[in-house]
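Each remark here refers to the structure printed beneath this line.
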Protein chains: 2
Amino acid sequence: MYICPMYSSELIKGTLKTIVLNLLRDKGRMYGYEITAKVKELTDGKIQITEGALYPTLHSLEKNGELETEKEFIGKRVRKYYSLTSQGQETASQKVNELADFMNTMKFLLDLEPKLGNA
Amino acid sequence: MYICPMYSSELIKGTLKTIVLNLLRDKGRMYGYEITAKVKELTDGKIQITEGALYPTLHSLEKNGELETEKEFIGKRVRKYYSLTSQGQETASQKVNELADFMNTMKFLLDLEPKLGNA
DNA sequence: AAATATACATAAGATTCTTAAGTATTTAAT
DNA sequence: ATTAAATACTTAAGAATCTTATGTATATTT
């Protein structure tokens, strides 16, 4: 079995929003730094979201009405907790379903199994 | 079961080279237009590679020594057949393995199954 | 005291796609 | 016969999204 130390960045591209939305759906609310740490932990370091990728994505999702934020002070330091809006809940479901479907298609395409009818 | 008409472009990004290399490994040699048609057919139209994406990718892979070409005339029209170099064979294997590993990781991450040890 | 971890933000540059336009031959439809 | 659609390739402008780097600041560990 092939073991990959870390995935090439092209693969992460396109799945980041889905990862974030799904994690927030599961955990309720999280802050940015926590998301990077959780993804790294859950994937044994194989997916490491950089801050330069994450924060603009979070801002974009918030601007688009998928996420809402609450600020909290931990001592003197600010934390921004993100959670899904109701629209974000729907988007999360759609994105996860689409990715699951895509992965099935890719599996078929890469295995090049004989094509069966859809009946 | 969710059915997707066509995947959002972010998902295709990052998998195009892998798709092309794998198809060429399976078919021996193909020309560009044939690749777009084959992928569309195999995926029921869910993955439609545009020419603006494919041709630059083929040129890039050739420039990088993964592919080699033969020109053939069909009547007065030129066709460029692409096939894998020995380096391309290796790259194809690596890319497919990496993508398979990535999909396993993503499946785990999206299902959020309880983490099991790797022992 | 210094190094590392926590926690955010953002800008410049790279990559890779979409969209569009261009060229030209061949086949199918009217 | 003429037109439209399919075949077949190329390339450029623009958009999206990531990497890399920098900046700021607090908290914890060595």
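Just so we're on the same page: letters track the sequence lines, and every chain starts at 1.
Comparing atom distances between the A/Lys17 side chain and each of C/dA9, D/dT17, D/dT10 picks out D/dT17 as nearest. Of the candidate nucleotides C/dT19, C/dT16, D/dA8, D/dA8 has the atom nearest to the side chain of B/Arg79. Checked against C/dT16, C/dA9, D/dC18, the side chain of A/His59 finds its nearest nucleotide in C/dA9. The nucleotide whose nearest atom lies closest to any side-chain atom of A/Thr50 is, among D/dT19, C/dT19, C/dA9, D/dT19. Nearest to the side chain of A/Lys13, among C/dT6, C/dA9, D/dC18, sits D/dC18.
Closest of all the heavy-atom pairs between B/Tyr31 and B/Lys80 is CB-O, 3.1 Å. Pairing each heavy atom of A/Leu11 with each of B/Phe102, the nearest pair is O-CZ, 3.4 Å. Residues B/Ala53 and B/Leu16 come closest through the heavy atom pair O-CD2, 3.8 Å.
Here C/dT23 presents its P atom at 19 Å from NZ of B/Lys76, a figure rounded to the nearest Å. Spacing between atom CG of A/Leu58 and atom C1' of C/dA7 amounts to 12 Å, rounded to whole angstrom units. Separating the CG atom of B/Leu54 from the C1' atom of C/dA20 is a distance of 17 Å, rounded to the nearest angstrom. The nearest whole Å value for the distance from the CD1 atom in A/Ile12 to the C1' atom in D/dA16 is 17 Å. Rounded to an integer number of Å, the gap from B/Ile47 CD1 to C/dT18 P is 11 Å. Look at NZ on A/Lys63: it is 12 Å from P on D/dT17, rounded to the nearest Å. In this entry the distance linking OH of B/Tyr81 with P of D/dT7 reads 14 Å, nearest Å. Nucleotide D/dA6 holds its C1' atom 11 Å from the OH atom of B/Tyr31, rounded to whole Å.
Comparing A/Ile74 and A/Ile49, the nucleotide of DNA chain D nearest to each residue sits closer to the 5' end for A/Ile49. Comparing A/Gly32 and A/Glu10 by the nucleotide of DNA chain C that holds the closest heavy atom to each, the one mapping nearer the 5' end is A/Gly32. Taking the nucleotide of DNA chain D with the nearest heavy atom to each of A/Ser60 and B/Tyr55, the more 5' of the two is matched to B/Tyr55.
At the heavy-atom level, A/Gly52 lies under 4.0 Å from base atoms of the strands shown. As judged by a 4.0 angstrom heavy-atom cut-off over every strand, B/Glu34 is placed among residues making no nucleic acid contact.
Exactly one of B/Val20, B/Thr91, B/Val96 qualifies for a side chain to side chain contact (heavy atoms under 4.5 Å, CB included) with B/Arg25. That residue is B/Val96.
Checked by distance alone, B/Arg77 brings a side-chain donor or acceptor within 3.5 Å of a matching partner on the base of D/dT7.
Inspection of the B/Thr105 and A/Tyr7 side chains reveals an N or O donor paired with an N or O acceptor under 3.5 Å.
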